[in-house]
Amino acid sequence: VQLQASGGGLVQAGGSLRLACVASGRTFSNLAMGWFRQAPGKEREFVAAISWNSISTYYADFVKGRFTISRDNAKNTVYLQMNSLTPEDTAVYYCAARVANDGYSVYSRGYSYDQWGQGTLVTVSS
């Protein structure tokens, strides 16, 4: 599967962005999806994950209440709505995919995913 992330950009603190990741090359509805990010000089970290049928979602503690992951299987797309952004959210955001074991599983470990997008840069100014 090929993943193409978009929607990044420059935003002021307190603002919002919506990232999108379009998948191609295999049946999207079989895939569990996740978002990760990597800030300059830091390791990649988990942001959010969603099961193939959207029944389950899971978030890193630092984004709870601010970010929302969703998907539209008809459009082969997973979204990350980001609100109340802070400069600490500045990073390259990556979407990731893996074949789901079932309709409920979500995955927060990077090694659980075998397909990655190219990343989209989010910069939050103070």
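Any value given below was found using the heavy atoms of this structure, including those in side chains, with hydrogens, waters and symmetry copies removed. Values in this document were obtained by computation on a predicted structure and should not be read as measured data.
- Remark: Leu31 CG to Ile50 CD1 distance equals 12.0 Å, nearest 0.5 Å.
- Sorted by first then second residue, the side-chain hydrogen bond (donor to acceptor under 3.5 Å, both in side chains) pairs that include residues 90-112, not counting sequence neighbours, are Arg37-Tyr93, Arg98-Asn101, Asn101-Tyr107, Asp102-Ser105.
- A continuous path of Ile, Leu, Val, Met, Phe, Trp and Tyr side chains, each step under 4.5 Å between heavy atoms, connects Trp35 with Leu85, placing both in one hydrophobic cluster.
- Side-chain heavy atoms closer than 4.5 Å link hydrophobic residues (I, L, V, M, F, W, Y) into clusters, and following such links, even through other members, never connects Leu121 to Val47.
- Taking 4.5 Å as the limit, every side-chain heavy atom of Thr68 sits out of range of all side-chain heavy atoms of Leu80.
- With values rounded to the nearest 0.5 angstrom, Ser6 atom OG is found 9.0 Å from Arg18 atom CZ.
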Exercise for review: Let me see the working for Val11 and Thr123 under side chain to side chain contact (heavy atoms under 4.5 Å, CB included), right down to the final yes or no.
Suggested key: CA-CA 6 Å; Val11 63; Thr123 303; over 6 Å; no
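- Under the 4.5 Å side-chain criterion, counting only non-hydrogen atoms from C-beta, Val106 is not in contact with Thr57.
- Under the 4.5 Å side-chain heavy-atom criterion for ILVMFWY residues, no single connected hydrophobic cluster contains both Val22 and Trp116.
- Rounding to the nearest 0.5 Å gives a distance of 11.5 Å between OG of Ser56 and CD1 of Ile69.
- One N or O on the side chain of Asn53 and one on the backbone of Gly103 form a donor-acceptor pair closer than 3.5 Å.
- Across every non-hydrogen atom of Ser29 and Arg71, the tightest pair is CA-NH2, 4.3 Å.
- Note that CG of Leu3 and OG1 of Thr77 are 10.5 Å apart. Values are rounded to the nearest 0.5 Å.
- The side-chain heavy atoms of Glu88 and Phe62, taken from C-beta on, include no pair separated by under 4.5 Å.
- Side-chain heavy atoms closer than 4.5 Å link hydrophobic residues (I, L, V, M, F, W, Y) into clusters, and following such links, even through other members, never connects Tyr113 to Phe28.
- Side-chain heavy atoms closer than 4.5 Å link hydrophobic residues (I, L, V, M, F, W, Y) into clusters, and following such links, possibly through other members, connects Leu19 to Tyr59.
- The backbone N or O of Gln2 sits nowhere less than 3.5 Å from a side-chain atom of Gln115 that would complete a donor-acceptor pair.
- Taking the side chain as every heavy atom from C-beta outward, Arg66 and Met82 never approach each other to under 4.5 Å.
- The minimum heavy-atom distance linking Ser125 with Leu10 is given by the pair CB-CD1, 4.3 Å.
- For the atom pair Gln12 CD and Ser126 OG, the distance stands at 9.5 Å (nearest 0.5 Å).
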